[in-house]
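Below is one structure, written out as structure tokens; comments come after it.
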Amino acid sequence: MAIRSQRCSLVRVFAGLTLMAMGSMGIVAPASASPPEPRPNEIDRSPSTAAAVASAAVDLPVLELTDVTGKPHRLGEGSPGSVTVVVFLSTSCPIANAALGRLDTDVLGQPAGSSSADGDQPVSDVRMFGVVSERSLTRAAAAAHFQERTTRFPILFDASGALRAALAPTHVPEAFVFDQGGRLAYRGAVDDAYAAVGRRRPAVTQRSLADAVAAIRRGTRPAVAFVPPVGCRLNPPQRVATRTVTYARDVAPIVNARCISCHRPGGGAPFSLTSAAEAAAVAPMIVEVTRERIMPPWPPRPDAAHPLVGERWLTDREIELFARWAAAGAPPGDDADLPPLGVFTEGWQLGEPDLLVRMPEPFTVPADGPDVFRNFVLPLDVAEDKVVAAIEFRPGDHRVVHHAVLFLDESGTARRLDAADPQPGYEGFGGPGFLPSGALGGWSVGNTPRRLPGGRGRYLRKGSDLVVQVHYHPDGVERTDISEIGIFFIDEPVAEFLAAPQRLVGSIWTANYQLDIPADDADHEATARYRLPRDVTLVGVVPHMHLLGRAVRVRAEEPDGRRHTILDIPAWNYAWQDEYLYEQPFTLPAGTELVVEAVFDNSAENPSNPSSPPRRVTWGDGTLDEMLFCFFLISAESSKDLIHVVLDNLGHDLRQPRGTP
């Protein structure tokens, strides 16, 4: 979730347009400069200004901030097709406080396709956030201030100034508008309520922000891309290196957003991080594991173009905050700055499931020894074919259950493998031991269950078995596990669902069955490819390697020559593999080649290498074997197109050479 600082720095192009002196916050008129700046609220219509805004191509920063009530919000990963508005505010600036009501009525009360003066019908394709980012302001004071000033949009508390540093506002109020693709399209004044500081007009005549939003919603660029704001000047953001970093203001918001889903009582992690004292006790460890990007567990590199659901990647700035806090002695700070811990729903997170299945008998996890991978067969009692919108996995003993992958089997093979093994389930490291007829997703520690985006679903055929591969991690005490899975169906006739475009999700894959990794080769490269025969929408990606895997990158090479990375895991960790879904699924045209590039480390320096000394490794399911698989979750404009792609992919896979070359 790193902010693209080199791109966000382009926002400063617009800051230079007003050439404002950076004094202390106060209600003062803009200072004159050379060359002369536009008069307050005089619209800058010069071609150079419009071109600067239009060509800057600044992305909305990918950040997670909590509002003054404690609710988390993610910027840069909004609802597909939404316009995002960010307005910097203040509790002490009367011009900013006076603008709150007009923001509600002029922006959120504007019906699609109308001018800013028409109506007050609520809109659903505009996400607006107020932001307060004053170092001297506590979270409690901000919450009290905005409790008296009700708005229809959340007020974010930018505790550490990350959003302010990215966008560099010069005044409050100052608005930033990002189009449906997350690119900056407008910056500046809310309206012309004030001709200058201390000079309020009898009536608003120019609603610059609302007009910009209306234009973007109509699919056009704003006629005016920049209007100098009038209001209270902001101090330059204080550098992290020159101020004291505290738990309450700087560290707790990060911990709450990224860590306590696991590091809380009953959350699955070995210790809790729900207080300043608990975090301070392990501060040096926090610094080490965040610098090494071991924690929070999120292997993929962030990509603003294709953000993933549930990203937990820390920005460099957040990692720096942890380090400075620990170096300062882990000061707790002012309790008035503490964000609420948040509420964790007890029981099923998605509500009561339509179908509940659980392991037929308990499985005993030994106290010590290597990790255990076990496949359990769960018959699904459905009287007819169904479409699955989501699954929710609940570990029987969260202390030892690390992750789970859910496969479908129509052949009965899994039942035969289970019957041949005297223990509950059957052993399986690399995969389920058969070619699945489908899959229903997976779960890992810290995973939040979600429905597939856009009302999509996966097909479940009557008579299928659910095969759950569970990864157990012994913790020093013998444990017993009976995990269960809640399945949530789409409540509409299957035939109608299948007839709708972009609803059914199918799986395709590409693999390299000729892996042959020499002993002591620390940098062995391998690839796998598949060319799409039809247009598809990419919903998610699931790469898979074993213990020698070091890195994997997935690229799309489009027929017009464009190439872009759609998933990049620079440091592969078998223990943290997952199913990665895109916040906004995107189209890949027919002829696009999906390319998977992997690097394997078969040296003695690889601590995960199961062979000592290293040995030659080829394709296989076992612990000593290796794989290069990548699954792609796709939808299409019609179920017929989707089935065509799935069958073409199956034929491609059957034609791939097996065995060593």
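On a predicted model such as this, the values are computed, not experimentally measured, just so you know. For the single chain, residues carry numbers from 1 onward in sequence order.
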(Q) Between Tyr513 and Asp653, do the side chains contain a donor N or O and an acceptor N or O under 3.5 Å apart? (A) yes
Q: Work out which heavy atom in Glu64 is nearest to a heavy atom in Pro72; give both atom names and the distance.
A: OE2-CB, 3.8 Å
(Q) For Asp381, is the CG atom crowded, meaning more than 12 foreign heavy atoms sit under 6.0 Å from it? (A) no
Q) Is there a side-chain contact between Val645 and Ile634, using heavy atoms and a 4.5 Å cut-off? A) yes
Q | Backbone of Leu350 reached by a side-chain donor or acceptor of Glu392 within 3.5 Å | A | yes
Q.
Between Asp125 (side chain only) and Val83 (backbone N and O only), is there a donor and an acceptor less than 3.5 Å apart?
A. no
Q. Taking NZ, NE, NH1 and NH2 as the nitrogens, is one of them in Glu384 or Lys462 under 4.0 Å from a carboxylate oxygen of the other?
A. no
Q: Would you please test Arg258 and Leu314 for side-chain contact (heavy atoms from CB on, under 4.5 Å) and show each step?
A: CA-CA 8 Å; Arg258 307 285 203 283; Leu314 294 178; 3.8 Å; yes
(Q) Can a donor-acceptor pair be found, under 3.5 Å and without considering hydrogens, that links the side chain of Tyr186 to the backbone of Arg221? (A) no
Q | Interatomic spacing from CG in Asn512 to CE in Met545 - rounded to 0.5 Å | A | 12.0 Å
Q | Leu466/Leu460 under side-chain contact (heavy atoms from CB on, under 4.5 Å): CA gap, chis, key distance, verdict | A | CA-CA 10 Å; Leu466 181 64; Leu460 172 62; over 6 Å; no
Q) Which residue pairs pass the side chain to side chain donor-acceptor pair (under 3.5 Å) test with at least one member in residues 550-559, sequence neighbours excluded? A) Asp523-Arg550, Arg555-Glu557, Arg555-Glu597, Glu558-Arg562, Glu558-His564
Q) For Met359, does its backbone N or O pair with a side-chain atom of Glu361 as donor and acceptor, under 3.5 Å? A) no
(Q) Run the ring-ring contact (aromatic ring centres under 6.0 Å, His included) test against His473 and tell me which residues pass, sequence neighbours left out. (A) none
Q. Does any N or O in the side chain of Trp572 come within less than 3.5 Å of the main-chain N or O of His546, such that one atom is a donor and the other an acceptor?
A. yes
Q: Apply the test side-chain contact (heavy atoms from CB on, under 4.5 Å) to residues Leu532 and Ile508: give CA-CA distance (whole Å), side-chain angles for both, the deciding distance (0.1 Å), then the verdict.
A: CA-CA 10 Å; Leu532 294 169; Ile508 59 175; 3.9 Å; yes
Q.
Distance check, rounded to the nearest 0.5 Å: Arg458 atom CZ versus Phe489 atom CZ?
A. 13.5 Å
Q) Just one of Tyr580, Trp313, Trp576 clears the ring-ring contact (aromatic ring centres under 6.0 Å, His included) bar with Trp298, so which one? A) Tyr580
Q. Would a distance-only check, ignoring hydrogens and angles, find a side-chain to backbone donor-acceptor pair under 3.5 Å from Gln514 to Gln656?
A. no
Q: Search all heavy atoms of Gly442 against all heavy atoms of Leu406 and return the closest pair with its distance.
A: CA-CD1, 4.3 Å
Q: Hey, could you give me the OG/CZ distance between Ser611 and Arg616, rounded to the nearest 0.5 Å?
A: 13.0 Å
Q. Ion pair present between Asp316 and Arg293, side-chain N to carboxylate O less than 4.0 angstrom?
A. yes
Q: Could you tell me whether a side-chain N or O of Asn609 sits under 3.5 Å from a main-chain N or O of Ser603, the two making a donor and an acceptor?
A: yes
Q.
Using only atom types and a distance under 3.5 Å, with no angle test, would you say the side chain of Arg534 pairs donor to acceptor with the backbone of Ala636?
A. no
Q) For the side chain of Arg531 and the backbone of Gly591, is there at least one donor-acceptor N/O pair under 3.5 Å apart? A) yes
Q: Determine whether the side chains of Arg456 and Ser635 contain a donor N or O and an acceptor N or O closer than 3.5 Å.
A: yes
Q) Got Pro432 and Tyr426 here, is their nearest side-chain heavy-atom distance under 4.5 Å? A) yes
Q.
Parallel, tilted or perpendicular: which one describes the rings of His471 and His402, with boundaries at 30° and 60°?
A. tilted
Q. What class does the angle between the rings of Trp509 and Phe631 fall in, given that below 30° is parallel, 30 to 60° is tilted and above 60° is perpendicular?
A. tilted
Q. For the rings on Tyr472 and Phe363, is their centre-to-centre separation under 6.0 Å?
A. yes
Q: Please state whether the rings of Tyr574 and His403 are parallel, tilted or perpendicular, taking 30° and 60° as the class boundaries.
A: perpendicular
Q. For Pro299 and Ile569, which heavy atoms make the closest approach, and how far apart are they?
A. CB-CG2, 3.6 Å
Q) Which one of Val467, Val388, Val468, Ile485 satisfies the side chain to side chain contact (heavy atoms under 4.5 Å, CB included) criterion with Leu440? A) Val388
**Q.** Side-chain donor/acceptor of Arg312 to backbone N/O of Pro297, under 3.5 Å
**A.** yes
Q. Once you round to the nearest 0.5 Å, how far does CD1 of Ile566 lie from CG of Leu594?
A. 5.5 Å
Q) Do the side chains of Pro453 and Val539 get nearer than 4.5 Å, heavy atoms only? A) yes
Q: Would you mind reporting whether Pro589 and Asp535 have side-chain heavy atoms less than 4.5 Å apart?
A: yes
Q | Heavy-atom pair of closest approach, residues Pro559 and Thr592 | A | CD-OG1, 3.6 Å
Q: Give the C-alpha distance, both sets of side-chain angles, the deciding distance and a yes or no for side-chain contact (heavy atoms from CB on, under 4.5 Å) between Leu567 and His306.
A: CA-CA 8 Å; Leu567 187 74; His306 305 301; over 6 Å; no
Q: Would you mind telling me which of Val387, Ile490, Leu642, Leu452 makes a side chain to side chain contact (heavy atoms under 4.5 Å, CB included) with Arg503?
A: Ile490
Q. Is the closest side-chain heavy-atom distance between Asn606 and Phe600 below 4.5 Å?
A. no
Q: Mind checking the CZ-CG spacing from Arg415 to Asp409? Nearest 0.5 Å is all I need.
A: 8.5 Å
(Q) Rounded to the nearest 0.5 Å, what separates atom CD in Glu626 from atom CG in Leu548? (A) 4.5 Å
Q.
In the structure I gave you, are the side-chain heavy atoms of Arg615 and Leu624 within less than 4.5 Å of one another anywhere?
A. yes
Q. Is the His544 ring parallel, tilted or perpendicular to the Phe629 ring (thresholds 30°, 60°)?
A. tilted
Q: Walk me through it: do Asp481 and Arg374 pass the test salt bridge (charged side-chain N to carboxylate O under 4.0 Å, His left out)?
A: CA-CA 12 Å; Asp481 176 59; Arg374 201 78 183 167; over 6 Å; no
Q: Identify the two heavy atoms, one from Arg529 and one from Glu593, that lie closest to each other, and give their separation to 0.1 Å.
A: NH1-OE1, 3.2 Å
Q. Looking at Leu60, Leu75, Val85, which hits side chain to side chain contact (heavy atoms under 4.5 Å, CB included) with Phe178?
A. Leu60
Q. For Pro395 and Ser483, which heavy atoms make the closest approach, and how far apart are they?
A. CA-OG, 3.4 Å
